Protein chains: 2
Amino acid sequence: MRAPGAGAHGSADVPPPGAERPAEHLPTTEGTMATTTRRRASISDVARLAQVSVGTVSNVLNRPDRVAPATRDRVLTAITELDFVPNGSARQLRAGTITTAGAIVLDVANPFFTDVARGIEDRLDEAGYTLMLASSDEDPEREARYLRLFEEHGVQGVMVVPATPDLAHLEAARARGLRVVLLDRPSPSDTLSSVAVDDRAGAAAATRHLLGLGHERLAFVNGSHSIRQCADRAAGVRAALAEGGLDPQTALVEITIPSLNADGGQTGTQQVLALNERPTAMLCVNDLTALGALRALRAADVPVPSGMAVVGYDDVAFAGELATPLTSVRQPTHQLGHHAADLLLRPDDAVEHVTFQPELVIRESTTGTG
Amino acid sequence: MRAPGAGAHGSADVPPPGAERPAEHLPTTEGTMATTTRRRASISDVARLAQVSVGTVSNVLNRPDRVAPATRDRVLTAITELDFVPNGSARQLRAGTITTAGAIVLDVANPFFTDVARGIEDRLDEAGYTLMLASSDEDPEREARYLRLFEEHGVQGVMVVPATPDLAHLEAARARGLRVVLLDRPSPSDTLSSVAVDDRAGAAAATRHLLGLGHERLAFVNGSHSIRQCADRAAGVRAALAEGGLDPQTALVEITIPSLNADGGQTGTQQVLALNERPTAMLCVNDLTALGALRALRAADVPVPSGMAVVGYDDVAFAGELATPLTSVRQPTHQLGHHAADLLLRPDDAVEHVTFQPELVIRESTTGTG
DNA sequence: ATGAAAGCGCTAACAG
DNA sequence: CTGTTAGCGCTTTCAT
């Protein structure tokens with residue numbers, strides 16, 4: 001699907017969260033005069049030119065076989081002549097439905113969400129549907145605004161990563177007849193379909209991997225438990241420890257960092273290194289955090305993995321490209337979106353909750369010889 | 001703008017170009033029964049319930065001051081009662097216009113484009129507009145299909161990263177009255193506005209930086225010149241060399257790699273290292289390529305930058321986080337999108353060509369002591 | 001301040 | 001096979 005050598009941009013990445021917009025980059029402007037705007041040709045213009053009725057033009061458009069070849073050609077010629085593009089609003093008003101779906105994610109510039117969006121788009125494309133994509137920026141008001149806008153535009157349905165735990169407005173939209181699929185959020189509701197990734201399982205798999213390698217003291221550099229993913233992953237780690245016969249109280253140190261980026265990882269790791277009974281392995285809440293961890297470990301001359309094993313989460317593009325390739329938990333982002341769209345397009349409109357399993361990608365940061 | 005601690009996904013990245021979709025991730029499905037779908041309430045339902053005419057309801061919606069407070073309240077109550085959401089198609093059909101713009105990029109999962117999209121969205125949002133985003137996958141047919149779809153939906157205008165050098169269909173759409181802004185492509189046309197980044201200048205700045213550091217033999221690991229960005233960047237490198245009094249023939253070795261990713265960078269760098277008169281500095285067409293270069297240099301025990309200076313392009317998130325932080329050329333992606341949207345929203349609909357200047361971000365891969 | 005009615009562009013009966 | 005016509009839901013004169 002994805003084009004291989006996608007121009008010179010094939011490699012880019014996002015700026016770290018909270019990065020400043022680049023300073024003014026001195027645009028060069030080169031203006032020209034304005035152009036005139038004409039009224040668009042309508043179906044009756046075509047009918048007049050082709051000397052037929054509007055009904056016939058409509059038939060040529062929608063059921064060409066019902067029209068005599070000669071007439072059809074005449075109409076087609078008129079269409080080309082006038083450069084006629086049918087008015088979708090009118091059609092939609094008449095038909096009541098539209099082949100468009102909406103998606104509201106937290107941030108379109110976040111690769112997790114755009115990979116999901118890509119999955120949605122690919123599935124929608126198969127069905128001839130278009131996607132309207134928007135970012136809520138975690139602002140419930142923006143989310144509500146876009147939801148409303150999509151609904152007014154008559155979309156078939158909406159896939160949304162909720163910005164708040166409160167799902168009342170989504171339930172209401174659902175009751176109004178709009179299809180709604182929750183993204184990356186297990187639905188507590190019987191009326192809203194949902195598609196999510198099992199964060200507990202991902203963290204548990206990573207933990208089991210470390211236990212299998214013989215580690216018995218772990219650190220987890222995590223974000224606030226008010227973030228669902230962080231809480232779920234912490235639960236997964238604890239569950240795996242218990243399952244392995246270890247007491248989370250003694251075998252685990254959880255460090256909470258304020259921002260889930262490289263700086264947070266570096267600071268968190270320094271705290272881990274300062275511990276008197278130093279753990280032998282670290283789990284990081286995401287790969288950027290792990291990157292900061294690797295930086296801190298290098299600065300402290302702690303070899304990886306022999307002095308400290310490191311596991312990330314997300315399996316981002318650079319994870320396998322680092323000086324020490326990073327073991328990480330990969331999430332089926334594309335499938336997540338694909339399935340969400342699939343649910344939205346289901347003819348029966350049934351409610352369904354789907355949970356995908358993440359996959360541990362093992363690399364040298366846990367199994368190497370460093 | 002961008003929320004700081006955007007959930008646990010704040011750090012993710014994209015898979016490398018050409019990466020396979022992850023294998024089946026064993027979704028867990030949990031179904032429930034379907035729900036009934038009711039007809040949406042219309043303005044006349046509201047009118048009936050509120051015991052007023054539809055015109056009055058419309059007035060409450062659009063010019064509340066024209067309606068007596070008592071009547072207005074009655075209507076408002078009815079609206080709430082019926083959970084009425086106005087039909088945008090009907091409104092648009094009547095009004096003829098719509099507050100939506102479209103954007104067609106090559107790939108929504110590519111961070112360069114999503115950063116641009118974010119800039120577009122932010123500008124559009126200021127004006128109360130919505131964005132419809134789509135990927136052409138560099139397929140001209142898909143591009144044409146989306147263009148048409150957007151036009152049918154009556155969008156104000158479309159911002160597009162053209163998939164082909166042929167701009168005829170875009171010119172035609174423009175002639176039909178649709179606003180069109182070219183993204184990341186300097187327009188050869190008087191009728192189409194455009195917003196682009198100066199690739200020659202970016203490559204030239206990187207080259208001048210290296211020359212200023214005393215390097216006199218450079219390698220450029222680049223992609224095919226059939227990709228506009230690659231050709232432009234090569235021209236920029238050559239121009240800067242000439243300007244510095246060096247003969248590109250002797251001072252520059254250009255290596256062409258098939259895929260602009262880490263593997264390409266690694267292979268290309270091996271070729272550079274095998275040269276008999278080895279360059280002292282390398283330019284890479286993007287950061288992922290530079291990552292591969294760093295990997296190859298490490299494998300060959302060549303210190304960076306003392307044995308080989310390295311410059312990337314794009315300034316992706318991890319560029320500053322590597323073992324050797326990477327000097328790179330940052331592009332004003334967000335501004336690019338912001339300005340494109342700005343052009344689209346201009347009331348005068350004038351044609352304008354804007355070129356943004358990239359910015360060299362200097363780090364240790366060129367100035368360090370390694 | 002409110003109501004009545006025309007019509008935006010199109011589709012889908014229904015006639016012929 | 002083609003024409004006629006009635007709306008889809010809404011906004012907007014124009015009356016009252």
Side-chain angles (χ1 to χ4, degrees), chain A residues 38-76 78-79 82-100 148-149 151-156 176-178, chain B residues 38-76 78-79 82-99 148-149 151-155 176-178:
Chain A
R38 296 178 328 212
R39 195 184 64 84
R40 251 166 72 166
S42 85
I43 200 173
S44 58
D45 296 324
V46 175
R48 199 175 314 119
L49 183 58
Q51 317 226 50
V52 295
S53 73
V54 292
T56 301
V57 178
S58 176
N59 279 334
V60 175
L61 258 25
N62 304 299
R63 293 103 100 205
D65 44 301
R66 295 229 186 312
V67 182
T71 326
R72 195 196 309 147
D73 287 349
R74 204 142 35 85
V75 171
L76 256 16
I79 287 178
L82 294 172
D83 206 2
F84 166 71
V85 176
N87 182 323
S89 306
R91 176 184 306 215
Q92 181 185 343
L93 178 56
R94 194 55 246 256
T97 186
I98 190 189
T99 58
T100 298
R148 163 110 184 185
L149 209 48
E151 193 173 356
E152 288 186 3
H153 282 333
V155 297
Q156 273 285 334
R176 251 177 262 127
L178 188 71
Chain B
R38 294 176 332 208
R39 196 183 66 82
R40 248 166 75 167
S42 85
I43 200 172
S44 58
D45 295 326
V46 175
R48 198 173 316 119
L49 182 58
Q51 317 227 49
V52 295
S53 73
V54 292
T56 301
V57 178
S58 176
N59 279 334
V60 199
L61 256 26
N62 306 297
R63 292 105 100 210
D65 45 302
R66 296 229 186 313
V67 182
T71 324
R72 197 196 309 147
D73 286 348
R74 205 143 33 85
V75 171
L76 256 17
I79 287 178
L82 294 172
D83 205 1
F84 166 69
V85 176
N87 181 322
S89 306
R91 177 185 303 217
Q92 181 184 343
L93 178 58
R94 196 53 246 252
T97 186
I98 189 189
T99 57
R148 164 107 182 187
L149 208 50
E151 194 174 356
E152 288 186 4
H153 283 332
V155 298
R176 251 178 263 128
L178 188 72

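A note on names: the letters A, B, ... follow the listed sequences, proteins ahead of strands, and every chain is numbered from 1. Bear in mind that the values here come from a model prediction, so they are computed numbers and not experimental data.
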Minimal non-hydrogen separation, B:Ser89 against A:Leu93, with atom names: CB-N, 4.2 Å
Contact list for DNA chain D against residues 65-72 of chain A - heavy-atom distance below 4.0 Å: A:Arg66, A:Val67, A:Ala68, A:Thr71
Qualifying residues under side chain to side chain donor-acceptor pair (under 3.5 Å), relative to A:Ser53, sequence neighbours excluded: A:Thr56
End-to-end axis angle, where each axis spans five pairs of the helix from C:dA1-D:dT16 to C:dG16-D:dC1, to 10°: 40°
C:dG9 OP1/OP2 closer than 4.0 Å to side-chain N/O of A:Ser42: no
For a quick test of your reading: what N or O donor-acceptor pairs under 3.5 Å do the side chains of residues 66-76 of chain B make, sequence neighbours left out?
from    : atom 1 : to      : atom 2 : distance (Å)
B:Arg72 : NE     : B:Pro64 : O      : 3.3
B:Arg72 : NH2    : B:Val67 : O      : 3.4
B:Arg74 : NH1    : B:Ala50 : O      : 2.5

Residue pair A:Arg91 / A:Asn62, side-chain heavy-atom distance below 4.5 Å: yes
Shortest non-hydrogen separation from B:Ile43 to B:Phe84 and the atoms involved: N-CE1, 3.6 Å
Value in whole Å for how far the P atom of D:dG7 lies from CG of B:Asn87: 18 Å
Length of the line joining B:Ile79:CD1 and D:dC10:P, which is rounded to integer Å: 10 Å
Gap between atoms CG and P, on A:Leu93 and C:dG7 respectively (whole Å): 17 Å
Under 4.0 Å protein heavy-atom contact, by nucleotide of nucleotides 11-16 of chain D - B base, S sugar-phosphate only: BB----
Side-chain touch B:Val46/B:Val52, heavy atoms, less than 4.5 angstrom: no
Where B:His153 and B:Gln92 come nearest, the two heavy atoms and their spacing: O-NE2, 2.7 Å
Interatomic distance, A:Gln92 CD vs D:dC10 C1' [rounded to whole Å]: 13 Å
Value in whole Å for how far the P atom of C:dT11 lies from CD1 of A:Ile98: 14 Å
Spacing of A:Arg40 atom CZ relative to C:dC8 atom C1', expressed in whole Å: 12 Å
Partner set under salt bridge (Lys or Arg N to Asp or Glu O under 4.0 Å) for A:Arg148, not counting sequence neighbours: A:Glu152
Derivation of the side chain to side chain contact (heavy atoms under 4.5 Å, CB included) call for B:Leu178 and B:Val155: CA-CA 8 Å; B:Leu178 188 72; B:Val155 298; 4.0 Å; yes
d(CZ, B:Arg48; P, D:dG9) in whole Å: 11 Å
Smallest separation among heavy atoms of A:Asn87 and A:Arg40, with atom names: CA-NH2, 3.6 Å
Least distance between heavy atoms, A:Ile98 atom then A:Gln156 atom: O-CG, 3.2 Å
